[in-house]
Amino acid sequence: MLRPRHSLLTALFVLLPVGAAPAQNLDSLLARMTLEEKLGQLNLLSAGGKASPEQTALVRRGLVGGLFNVIGTENTRAVDRVATTESRLKIPLLFGLDVIHGFRTIFPIPLAEAGAFDPELAEATARAAGREAAAAGINWTYAPMVDIARDPRWGRIAEGSGEDTYLGSLLAAARVRGFQESILATAKHFAAYGAAEGGRDYNSADISPRTLREVYLPPFKAAVDAGVATLMSAFNDIGGVPASGNAWLTDTLLRREWRFNGMVVSDWTSVAELIPHGIAGSREEAGRRALTAGVDMDMQSSIYVETLAPLVQGGRIPMAVVDEAVRRVLRAKARVAALKPVLPNPVEIRALARRAARESIVLLKNDRSLLPLDRATPVIAVIGPLADNQLDPLGPWHTDGKPEDVVTVLQGIKTRVPSGTQVLYAQGAGIEDPSTAGFAEAVAAAQRAKVAILVLGERHDMSGEAASRAYLGLPGVQQQLLEAVAATGTPIVLVLMNGRPLILEWAAEHVPAIVEDWYLGVESGNATAEVLFGEVNPSGRLAVTFPRALGQIPLYYNHRNTGRPPAADKFTSKYIDAPVTPRYPFGYGLSYTTFTYRDLRIASRTTVGSRDLQAGPVRLGPTDTLSVVVTVTNTGTREGTEVAQLYVRDEVASVARPVRELRGFRRVTLKPGEARRIELLLAARDLAFYGLDMKAVVEAGTFRVFVGPNSIEGLEATFEVAYP
Ligand code: BGC
């Protein structure tokens, strides 16, 4: 823990409850600070593992508020000691890091974990990551990334919870709670970074105020409501106003409307980037614009500390603006001091990584029940550049994760087969390498085997930051490898590792079994082999739509209906050369068993009893809750987990509403033959949208509610919202 020596600061940073540094203490500290020292608190610099001598000298002069990418307690303590004993005011530093899906123990990427539809799991993995990071001296993560992403070309889709706002909001709050047991969290990238045009990173977003409010902002609001300590302002502009210099976003909306009293940090040099954006002609103007908009900490631009003092002295930036930003930074430090990080338990965390990997795997296809495989299959071929690869399953942003901690799919398979089973391995090809020299060996292995498992996909750094793709097929010669192996006639199981939906039409048509692993982290090979051999029955669902063709993008389930919904008639909203439907819809995923839904009943919670269970429309008042009850039955022969999903549709409203919107879900584990009545609750307030006047409203009228296995199937019922 950080232990400042100075008595006033001791009171500020150690004794006070979370975030509760009293105003008078902050004010007396502010009164003692020079303008230079104030701007110093707003300065955030990246280190290369440990603070450089130059950075340490700046810390000593009180010109740095926080460092990031300093890893290891010996390194964080060394420079923090300089801050707390050698600088004039002895204010401790913030130590930031991108702890995105694990610190040392790497969990599935957030997009994969979102598919578990399990906020409790997301909270647990964030908690574990926070504990490991805190033990290495970190007190602030730049996570969770809560950007809604509807475009698989965008590499950063891997870091978030996919395309759905409701799921994304629940997971945002869960991850904030989890991290903030031991370290501060950051909801990023505020806002609409996921709407970058063309899926091209750092690009402009130009979306309507309604889409911004309804789709992109709610996960941030959920993070704020969950008590997130900080937000990060995004790189992109929204309709011409860059998010790191956007007073409406970081002041009017965030601070006044949402009452957020935490700190906003810029993204990496996003303050300086106001110049190329074209809204500032100089560094000081960029700094003025960002600071007055409400961006408190300047990450990596050094603009605040280097250029803003004369503007403050000259009255172009009110001192009150600087003081308020400094207060927010100091309050964040007070929160850090009040944290009581819990020591990580490596055995428990590893077990959690296994659970997370198991829950994240999505079974996309399984013709004639090729899976699960019999372990005693005499010869199994394991092929592909990702089959025995320890680096790539770590995915993008794997922080302190180590390839040697990763169990590969080949290793997972080998440790699970009996001694009589022969496992033949051939890499076959590289991930992007154009060489086909390894094909012959792969084909020969497949010819000798009863089944061939191909592990194909993307390199870990083909998603994440600055990793947008314009083609979404398998990179390199992997598609040819797949076809060459398939030509042997040996049944194929395709295991995919990728950070985004891929377009895999050939595989979807020709390969009998497809398993979506995403990047599962350290337990990749164990969890995959458990699924392949049926020790684990897959239960993951897609948190993002898989398109059939590049030209369909953006393709997402909760689109509007249009005036001419796709139909047989030519003059309807569709393509002449591709279907409008996705290859795999949002919420989709198979199991080794089957589930059916029956007896959907709805009732208003306020009309307790049976009245609404009888005929006639179910009426809901604007503050009521709808009870949605359905029987889910496991109609197969194995125990399995279904993710029952509840969607709504507002039939007629003053503004066109999406054809479906997720508003609830439940994981249900059922034994073979078991039936269970489950209840999902839908609050009328969850039917709100932004009306013509851009105010949130629940309009009276008829709604449809759907309950089923994914975003396109299910049972449905109708109810009405009526005002008394
Ligand atoms: C990324 C952020 C990240 C920051 C610090 C930026 O380039 O956009 O998500 O938190 O770097 O590493």
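Atoms within a ligand are numbered from 1 in the order they appear, just like the ligands themselves. Note: hydrogens, waters and symmetry copies are ignored here, and every other heavy atom, side chains too, is used.
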### Task
Among Glu458, His460, Glu516, find the residue that satisfies the side chain to side chain donor-acceptor pair (under 3.5 Å) test when tested with Asn498.
Glu516

#### Entry: Plane angle bin for Trp518 and Phe546 - parallel if under 30°, tilted between 30 and 60°, otherwise perpendicular
perpendicular

### Query
Parallel, tilted or perpendicular for Trp154 and Tyr193, by the 30°/60° rule?
perpendicular

Which protein N or O atoms sit under 3.5 Å from any N or O of ligand 1? Give each pair with its distance.
{"unit_1": "ligand 1", "atom_1": "7 (O)", "unit_2": "Glu465", "atom_2": "OE1", "d": "2.7"}
{"unit_1": "ligand 1", "atom_1": "7 (O)", "unit_2": "Glu465", "atom_2": "OE2", "d": "2.9"}
{"unit_1": "ligand 1", "atom_1": "8 (O)", "unit_2": "Arg156", "atom_2": "NH1", "d": "2.6"}
{"unit_1": "ligand 1", "atom_1": "8 (O)", "unit_2": "Asp267", "atom_2": "OD1", "d": "3.2"}
{"unit_1": "ligand 1", "atom_1": "8 (O)", "unit_2": "Asp267", "atom_2": "OD2", "d": "2.7"}
{"unit_1": "ligand 1", "atom_1": "9 (O)", "unit_2": "Arg156", "atom_2": "NH2", "d": "2.8"}
{"unit_1": "ligand 1", "atom_1": "9 (O)", "unit_2": "Lys188", "atom_2": "NZ", "d": "2.8"}
{"unit_1": "ligand 1", "atom_1": "9 (O)", "unit_2": "His189", "atom_2": "NE2", "d": "2.7"}
{"unit_1": "ligand 1", "atom_1": "10 (O)", "unit_2": "Asp98", "atom_2": "OD1", "d": "2.5"}
{"unit_1": "ligand 1", "atom_1": "10 (O)", "unit_2": "Lys188", "atom_2": "NZ", "d": "3.1"}
{"unit_1": "ligand 1", "atom_1": "12 (O)", "unit_2": "Asp98", "atom_2": "OD2", "d": "2.5"}

### Task
Could you list the residues that satisfy ring-ring contact (aromatic ring centres under 6.0 Å, His included) with Phe68, not counting sequence neighbours?
Tyr142, Trp268

### Message
Tell me whether Arg255 forms a cation-pi arrangement with Phe260, defined as NZ or CZ under 6.0 Å from the six-membered ring centre and within 45 degrees of its axis.
### Response
no

### Task
Find the distance between CE (Met263) and CZ (Arg328) and round it off to the nearest 0.5 Å.
10.5 Å

